Amino acid sequence: MSTLPRIGQWRSLDELRALQEKQLPHTLAQATRSPFYRARFGDTPPAFEDLAFTSKQDMRDQYPFGMLAVDKALLATYHESSGTSGQPTPSYYTANDWTDLAERYARKWIGISAEDTFLVRTPYALMITGHLAHAAARLHGATVVPGDNRSLAMPYSRVVRVLHDLEVTLSWSMPTETLLWAAAARAAGHKPGTDFPKLRALFVGGEPLSAARRARISEIWGVPVVEEYGSTETGSLAGECEHGRMHLWSDRAVFEVYDPLTGTVAPDGCGQLVVTPLYREAMPLLRYNLEDNVEVSYAECPCGWVLPSVRVLGRSAFGYPVGDGTVTQARLEDLVFELPSSYEVLFWRAKAEPDVLTVQIEVPDAHRAAAESALTEVIRRELAVNCQVTGVAPGTLVPSQVLTGIHDVVKPRSLFGADEDWDKALLYY
């Protein structure tokens, strides 16, 4: 049984801070075993508040094992982030690290149990996200359906079949995935809100989610939408309570907020999130700057968790200029999904030009004029920008074959029959 801290075993912020202070010396000692930190401060680290930040570039520069603090034989898994920068950001974990990772992920107000069938619909591969949900589900005895969303063998038509036929109860995906499932379910003749009666929650993460889109997803499927926040380098950092607040796991990590404009560091407020995991063996991270824009608060929450809450702003906090106004994705997304659900708008895109905001929404013919008019009016009123809203036919932004197609997945072979296509000899699909 795990001896790591559990939610609710402390009664005050003072007890929480005492837990952090007790564990920090062990964390610093472990860090001195990695080549990176040994080169930075030797065998005697400075006081915690005097430590320099660890950056994403530091981790890239130490590729692949410059951050390793254990014998390589003790590693359980190796991972890399999505690689949008073009440079790999490595991370690695021991079996003990994985206990911590899985426990943190499973800290959801809708729990995971052996009665659950859990669809994992995020990437496996080198990223941690699919493996993380898989491990957490198995830790609690759930049946895992590994539906990797990067696999050609798992098109949306198959996802819908699995959701329905296997009576999936919980799922893990990006929020946009759940809208694609809804469209694919309808294309297959199912009603998302009634034909999947065993589904009891949608676990989501990996992209910003506005309040209106969240509410629409929940309305479509008839179940709660539960958010998660973390990264490949750290695993889960925050999870949602039943009152809709995201709480940082401050019993498992020290969190700070860095203001890059002033250079100040505080326990709360707005700025970039800096994290020091407290129970990391393979790759200790000291004051790791995630560079995610957040707002952290220690205000009390009705849930009773003595943990700070966090709003993850990310790029959604930044906008594009249009005329004299500014448009952010979060605010525009809210306006789109505040349209009446009867208009059936699931997919949209927009481009912020210097003088006009161009918006396209997929909407059936019967609701097109009303949806165009309503969205145009609310954008001009709420965002104070000139806009051109165009309704396009369903299947324009998300082609129908994406929702209904079945990929031809084959294993490589060299011998074919007379009526077979031998051009597939070396293809996997």
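Fair warning: this is a prediction, and the values are worked out from it, not measured in the lab. Computation of the quantities below employed the complete heavy-atom set of this structure, encompassing side-chain atoms and omitting hydrogens, waters and symmetry-equivalent molecules. Residues: numbered from 1 along the sequence shown.
Residues Leu286 and Thr27 approach most closely at CD2-CG2, 4.0 Å, considering heavy atoms. Here the closest heavy-atom approach between residue Asp251 and residue Leu19 is recorded as O-CD2, 3.3 Å. Taking both residues in full, the closest heavy atoms of Thr117 and Val145 are given as CG2-CG2, 3.7 Å, listed atom of the first, atom of the second, then distance. Pairing each heavy atom of Pro394 with each of Val363, the nearest pair is CD-O, 3.5 Å. Across Asp148 and Pro123, no two heavy atoms sit closer than the pair OD1-CA, 3.4 Å. Closest heavy-atom contact between Pro308 and Val296: CB-CG1, 4.0 Å.
Side-chain contact check for Tyr229 and Asp292: at least one donor-acceptor pair (N or O, by modelled atom type) lies under 3.5 Å. Side chains of Ser231 and Thr234: a donor on one and an acceptor on the other come within 3.5 Å. Between the side chains of Ser171 and Ser173, no donor N or O sits under 3.5 Å from an acceptor N or O. No hydrogens or angles considered: nothing links the side chains of Tyr298 and Glu300 as a donor-acceptor pair under 3.5 Å. Glu219 and Ser341 share a side-chain donor-acceptor pair at under 3.5 Å. Between the side chains of Thr232 and Ser81, no donor-acceptor pair of N or O atoms lies under 3.5 Å.
Interatomic distance, Leu68 CG to Leu75 CG, rounded to the nearest 0.5 Å: 5.5 Å. Interatomic distance, CZ of Arg121 versus OG of Ser151, reported as 8.0 Å (0.5 Å rounding). Remark: Leu375 CG to Leu332 CG distance equals 7.0 Å, nearest 0.5 Å. Distance CG/Leu166 to CG/Leu119: 9.0 Å, rounded to 0.5 Å. Distance CG/Asp334 to CD/Glu338: 5.0 Å, rounded to 0.5 Å. Asp61 CG to Thr89 OG1: the interatomic distance, rounded to the nearest 0.5 Å, is 10.0 Å.
Within a 6.0 Å sphere centred on CZ of Arg381, other residues, nucleotides and ligands contribute more than 12 heavy atoms. Within a 6.0 Å radius of CZ in Arg311, other residues, nucleotides and ligands contribute 12 heavy atoms or fewer. Other residues, nucleotides and ligands place no more than 12 heavy atoms under 6.0 Å from the CG atom of Asp324. Atom CD of Glu15 sits in a crowded spot, with more than 12 heavy atoms from other residues, nucleotides or ligands closer than 6.0 Å. With a 6.0 Å radius and a threshold of 12 heavy atoms from other residues, nucleotides or ligands, Glu115 has its CD atom at or below the threshold.
Proximity of the aromatic rings of Tyr124 and His131 is defined here by a centroid distance below 6.0 angstrom, and this criterion is met. Under the 6.0 Å cut-off for aromatic ring centres, Phe65 and Tyr92 qualify, their centroids lying closer than that. A centroid separation of 6.0 Å or more is found between the aromatic rings of Trp172 and Phe118. Separation of the Phe53 and Tyr288 ring centroids does not fall under the 6.0 Å cut-off.
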| said: Let's go through Glu177 and Tyr156 carefully: what are the C-alpha distance in whole Å and the side-chain angles of both, what is the deciding distance for side-chain hydrogen bond (donor to acceptor under 3.5 Å, both in side chains) to 0.1 Å, and is it a yes or a no? | reply: CA-CA 9 Å; Glu177 277 276 328; Tyr156 288 103; 2.7 Å; yes
| request: Could you go through the side-chain hydrogen bond (donor to acceptor under 3.5 Å, both in side chains) check for Asp58 and Gln62 one step at a time? | output: CA-CA 6 Å; Asp58 287 332; Gln62 296 303 310; over 6 Å; no
| query | Going through the checks in order, is the side-chain hydrogen bond (donor to acceptor under 3.5 Å, both in side chains) test met by Thr77 and Trp98? | reply | CA-CA 9 Å; Thr77 60; Trp98 266 105; 2.7 Å; yes
| request: Please test Thr99 against Asn96 for side-chain hydrogen bond (donor to acceptor under 3.5 Å, both in side chains), starting from the C-alpha separation and ending with a verdict. | output: CA-CA 5 Å; Thr99 299; Asn96 287 335; 5.0 Å; no
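Considering only heavy atoms from C-beta on, Ile361 stays 4.5 Å or farther from Phe347 through its side chain. Taking the side chain as every heavy atom from C-beta outward, Ser250 and Leu16 approach each other to under 4.5 Å. Using a 4.5 Å heavy-atom cutoff, the side chains of Val226 and Leu202 are not in contact. Contact annotation: the side chain of Val322 never approaches that of Leu383 to less than 4.5 Å [non-hydrogen atoms, C-beta and beyond]. Residues Leu132 and His134 have side chains not in contact (no heavy-atom distance under 4.5 Å, counting atoms from C-beta outward).
Using a distance-only test at 3.5 Å, with no hydrogens or angles considered, no donor-acceptor pair links the side chain of Thr396 to the main chain of Val392. Within the 3.5 Å criterion, the main-chain N or O of Phe196 finds no donor-acceptor partner in the side chain of His164. Judged purely by atom type and a 3.5 angstrom limit, His79 has no side-chain atom pairing as donor or acceptor with the backbone of Ser91. Glu362 places a side-chain N or O within 3.5 Å of a backbone atom of Gly395 that can act as its donor or acceptor partner. Under a 3.5 Å cut-off, the side chain of Glu372 and the backbone N or O of Gly391 do form a donor-acceptor pair. Under a 3.5 Å cut-off, the side chain of Gln23 and the backbone N or O of Gln20 do not form any donor-acceptor pair.
The residues Glu233 and Lys56 are annotated as salt-bridged, a charged nitrogen and a carboxylate oxygen being separated by less than 4.0 angstrom. Using a 4.0 Å cut-off between charged side-chain N and carboxylate O, Arg245 and Glu240 make no salt bridge. With respect to Asp100 and Arg280, no salt bridge is recorded, no charged nitrogen being found less than 4.0 Å from a carboxylate O. With respect to the salt-bridge test (charged N to carboxylate O, under 4.0 angstrom), the residues Glu256 and Arg287 qualify. Between Glu207 and Arg213 a salt bridge is recorded (basic side-chain N to carboxylate O distance below 4.0 Å).
A cation-pi arrangement is present between Arg107 and Trp249 under the rule of less than 6.0 angstrom and at most 45 degrees off the ring axis.
Each of Glu228, Glu227, Glu242, Glu103 was scored for a salt bridge (charged side-chain N to carboxylate O under 4.0 Å, His left out) with Lys108, with one residue passing: Glu228.
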